[in-house]
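All remarks here apply to the structure that follows.
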Amino acid sequence: MSYVFSPAPVASVPVVGSDDRFPVHRIYCVGRNYEEHAKEMGFSGREPPFFFLKPADAIVVVNAGETGQLPYPSLTANLHHEIELVVAIGKGGKNIKAADALQHIYGYAVGLDMTRRDLQNDMKKQGRPWCIGKGFDASAPIGPITPAAQAGDVAQAAIWLQVNGADRQRSNVSQLIWNIAETIEHLSAAWELAPGDLIYTGTPEGVGAVVRGDTLEGAVDGLPTLRLSVV
């Protein structure tokens, strides 16, 4: 088979303890999935989960122990951080029941859902899609994926983010409104999940702006820490 131009390289994430890499198929994100974050965004209660997508090549891969570079995006003056547990799907499926969901998980990683908040808010006010606020280049930084068997009890793990050494976000994955298995059940009812899918499961309260020169360091207990500098 020949192409009219060379295909782009496959976006992929390193795997802890292996030379193999995890090829990324799609990136799904869950909106407002921690109660306190929902409140700070002007919402409350356990509303049905909703999802948005980012391009696979929006990832910024940061190897364990390294500091990645996060380019400050165009068109915004209000770039927000959102620390998240990322679920890596290893076995696809549709209409997956929550009771079976964990069998579909390959592993877990720490990620950031970077958001051009001013653009997102403008689109919300106009009733338009807010892809421009969420799905831009380099909007999905991620650390290495830890296979599920090595990740410990991520469902009860602390999750936190510091900017320049000061706490911004600090919570526990147990505070998810829709837990990991429930999220997979809802998501797989809308899309057929495939090996290589990444699910950014939502962010706790404390989101805020970063500027060039800031250093972000975030973690979920049991997984490699994610560290980036905004450039």
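Side chains included, hydrogens not; waters and symmetry mates left out as well; all remaining heavy atoms used. Numbers here are sequence positions counted from 1. Quick caveat, the model's predicted, so the values are computed rather than measured.
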Ignoring hydrogens and geometry, is there a side-chain-to-backbone donor-acceptor pair from [X] to [Y] under 3.5 Å?
X: Gln120; Y: Gly133; answer: no
X: Ser139; Y: Gly135; answer: no
X: Thr203; Y: Ile83; answer: yes
X: Glu84; Y: Gly111; answer: no
X: Asp167; Y: Gln162; answer: no
X: Gln169; Y: Pro204; answer: yes
X: Asn33; Y: Thr201; answer: yes

Where is the tightest heavy-atom contact between [X] and [Y], given as atom of each residue plus distance?
X: Leu79; Y: Pro73; answer: CD2-CD, 3.5 Å
X: Ala155; Y: Asn172; answer: O-OD1, 4.2 Å
X: Leu75; Y: Asp118; answer: O-OD2, 4.5 Å
X: Val173; Y: Val154; answer: CB-O, 3.2 Å
X: His104; Y: Asp100; answer: CD2-O, 3.4 Å
X: Val62; Y: Pro144; answer: O-CD, 3.3 Å

| Is the distance between the ring centroids of Tyr28 and Tyr200 less than 6.0 Å? | no
| said: Here's a test for you: under side-chain contact (heavy atoms from CB on, under 4.5 Å), which of Val231, Asp214, Leu228 qualifies with Leu70? | reply: Leu228
| task | Decide if atom CG of Asp137 counts as having more than 12 heavy atoms of other residues, nucleotides or ligands within a radius under 6.0 Å. | result | no
| Below 4.0 angstrom, N of the basic side chain to O of the carboxylate: do Arg117 and Glu82 qualify? | yes
| Cluster check Val87, Ile145: I/L/V/M/F/W/Y, side chain < 4.5 angstrom |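 No, because Val87 and Ile145 fall into different hydrophobic clusters, even though each may have its own neighbours under 4.5 Å.
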| query | Quick one: salt bridge (charged side-chain N to carboxylate O under 4.0 Å, His left out) partners of Arg21, sequence neighbours excluded? | reply |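 Salt bridge (charged side-chain N to carboxylate O under 4.0 Å, His left out) check on Arg21 returns nothing, list empty.
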| Who pairs with Asp113 by salt bridge (charged side-chain N to carboxylate O under 4.0 Å, His left out), at least two apart in sequence or on another chain? |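 Asp113: salt bridge (charged side-chain N to carboxylate O under 4.0 Å, His left out) contacts with Lys54, Lys134.
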| task | Measure from NZ or CZ of Lys124 to the centre of the six-membered ring of Trp130, then state whether that distance is under 6.0 Å and the direction lies within 45° of the axis. | result | yes
| message | Within the 4.5 Å heavy-atom criterion, are Leu193 and Ile96 side-chain neighbours or not? | response | yes
